[in-house]
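See below for the structure under consideration.
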There are 2 protein chains.
Amino acid sequence: MTKAENVGMKYTRHTRDDVVDAALRILDEHGLPDLTMRRLGATLDVQPSALYWHFANKQTLLASLADRIVERAKPVHPTDDDWKGATRTEAYALRNALLAFRDGAEVVSSTLALGLGAGLPLNLLSNCLERGGFDHRTSEIAAAALLHFILGHVSHEQQRLQADSLGVVAEAVSTNSPDCDVTPQGLEAFEFGISLLLAGLELHSHATTKPV
Amino acid sequence: MTKAENVGMKYTRHTRDDVVDAALRILDEHGLPDLTMRRLGATLDVQPSALYWHFANKQTLLASLADRIVERAKPVHPTDDDWKGATRTEAYALRNALLAFRDGAEVVSSTLALGLGAGLPLNLLSNCLERGGFDHRTSEIAAAALLHFILGHVSHEQQRLQADSLGVVAEAVSTNSPDCDVTPQGLEAFEFGISLLLAGLELHSHATTKPV
DNA sequence: ACCTGAACACCGTTCAAGT
DNA sequence: ACCTGAACACCGTTCAAGT
C-alpha cells in the first residue's frame, strides 16, 4: 500500500522524500511565492516545525527540489553524438526539465546563486563538452556559460507563461496561432542562444587544436 | 545646503530620489536580504508606511534601484568601434555597473524576472549589435542572450565575493595572490563567455550576409 | 505633498516536550 | 524516529487621519 492510499488512518509519519514530493506539488500548482513552510506543513497535516526535523532550513529544502527538477535532464542511454550534438541535446533536456515545473528555473537558479547543490547541471553539460577534447577547465567555464544562458532564458520564458496565464491578455490576444502553449518564439530564441555558444566553442577548438 | 547637512532640524520630508539613495546605501552596505521596508523607513527616520506614498510596493522600489544601477553602464561618448568592440565594451560596462553595488546583479536580474523596467540593459546591448547590420529581431534576441549570460555570471561572482568575505576562508587561503579583490578567474570566465557569444554572432553574420 | 499610528495577515525558525 | 505547541522576532501592506 502506498502512502497516498492511506485514507482511514489518523496520521502518517513522513520521510524526507514525502516532504519533497509535497513541496514539488505546491510549487507546480501554486508557484514559488506560495511555497511556504506553513503551507507545506498544512499539506502534510503536520506543524511547520516538524519540517525542521527533515531539513535544516528552507534553503536546504529548495536545494533538494532543485536536484529533483534537474534530475530529469540526466541522459537515459549514452548517445554516440559528437560533442556538439550531445551538448545541444543536453541543453534542450535541461530546458525541458526546468519547464516541467512552474518556477522551475527560478528554483534552480536561486539555489545555484546561494551556492547550494546544483553541481549536477554543470556536470551534465561539461561531460558533453569534454567529448570535444577541450581541457577540463575550458569545459567547465563553457558549461557555466551555457547554464547561465539556459537559466536566464527559461526564467524569462516561465515569467511570460505566468503573465499570460494571468488576466494580462490585454493586447491583440497575443498575436499568435490559437493552440500553442509551449511558446514558439521562446524556443526560437533558445535555439539561437545555444547555437551562438556552440559555434563560438567550435571556432575556439579549431583555433587551439590546429594552431596557425 | 544639502539634505545630508541638515543636522539640527526635527525632520525633513523626502523625495522619491532620497528614498532610492537610502535604499542603495543599505543594499551596498548590508546586502539585499537586509533591505527591508522597515529598515529603510528607520534609516530615513520615517514610518515604513510613509514609503508607500513614494512607491506602490517594494518591487517597484527595487525596479528603481535596478535602473539606477544599470545607468552607470550608459556609454558617455559615442565610440567609433566596430559592432564587436562596442558590444564587448558595453558588456564590460554592464559587469562593472553590477559589481559596483553589493547584490547588484541579483537586484537587476530579479527585477527583469518580474517583468518590471530593465529595458535599459537590453537596449544598450542591442544598440551596439545593430551596428553589425543584424536585423532588429536578431539584435534583440542576441542582446537577451548576452544579458542572460552577464547577469548569471555576475550573480555568481558576487555570491563568491560574499562567501569569501564571510568567514569561509577555510581551504588553503583561496590559493591566489595576496592583493586581488576583483576576482581574477571570474574576469577570465567572463571574457570567455562574451567571446563565445560574439564569435558565434560573427559567424552568423557571415553566413547570412554572404550566403554560399 | 508627505507623513503618523495602528492594525492585518502573514513569514522562517527554535526548542522543550511528547510518543 | 518523527512530531506537537508555543513562542520569538520578524515581514509587506493598508488606511484613516494628521500637517
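A note on names: the letters A, B, ... follow the listed sequences, proteins ahead of strands, and every chain is numbered from 1. Predicted, not measured: the structure shown is a model, and the values here were computed from it.
- The phosphate of C:dA1 (OP1 or OP2) has no side-chain N or O of B:His14 nearer than 4.0 angstrom.
- Rounded to an integer number of Å, the gap from CG of B:Asp45 to C1' of C:dC2 is 15 Å.
- Look at CG on A:Leu51: it is 18 Å from P on D:dA1, rounded to the nearest Å.
- Of the nucleotides present, D:dC2 is the one that pairs with C:dG18 by Watson-Crick or G-U wobble criteria, both distances under 3.5 Å.
- Note: CG (B:Asn57) to C1' (C:dC10) measures 17 Å, nearest angstrom.
- Checking D:dG12, D:dA6, C:dC2 against the side-chain heavy atoms of A:Ser49 singles out D:dA6 as nearest.
- Comparing D:dC2 with C:dA17, their P atoms are spaced 22 Å from each other, to the whole Å.
- Contact annotation: the side chain of A:Arg68 approaches that of A:Asp17 to within less than 4.5 Å [non-hydrogen atoms, C-beta and beyond].
- A straight line from CZ of B:Arg38 to P of C:dA6 spans 14 Å, rounded to a whole angstrom.
- Spacing between C:dA9 and D:dC10 at atom P, rounded to whole Å, works out to 22 Å.
- Contact of the B:Val20 side chain with the B:His54 side chain is not registered, since no non-hydrogen atoms from C-beta on lie closer than 4.5 Å.
- Looking at heavy atoms from C-beta onward, A:Arg72 lies in side-chain contact with A:Phe101 at the 4.5 angstrom threshold.
- Contact annotation: A:His54 side-chain N/O to D:dA1 OP1/OP2 distance is not under 4.0 Å.
- For the side chain to side chain contact (heavy atoms under 4.5 Å, CB included) with B:Phe149, the qualifying choice from B:Leu197, B:Val154, B:Leu196 is B:Leu197, the only one to do so.
- Put simply, NZ on B:Lys58 is 8 Å from P on D:dT13, counting in whole angstrom units.
- At a cut-off of 3.5 angstrom, counting only N and O atoms as typed in the model, there is no donor on one side facing an acceptor on the other between the side-chain of B:Thr36 and the base of D:dG12.
- The nearest whole Å value for the distance from the CH2 atom in B:Trp53 to the C1' atom in D:dT13 is 18 Å.
- Atom CD in B:Gln47 sits about 12 Å away from atom C1' in C:dA7, given to the nearest Å.
- With both pairing distances under 3.5 Å, C:dA7 is matched to D:dT13 as a Watson-Crick or G-U wobble pair.
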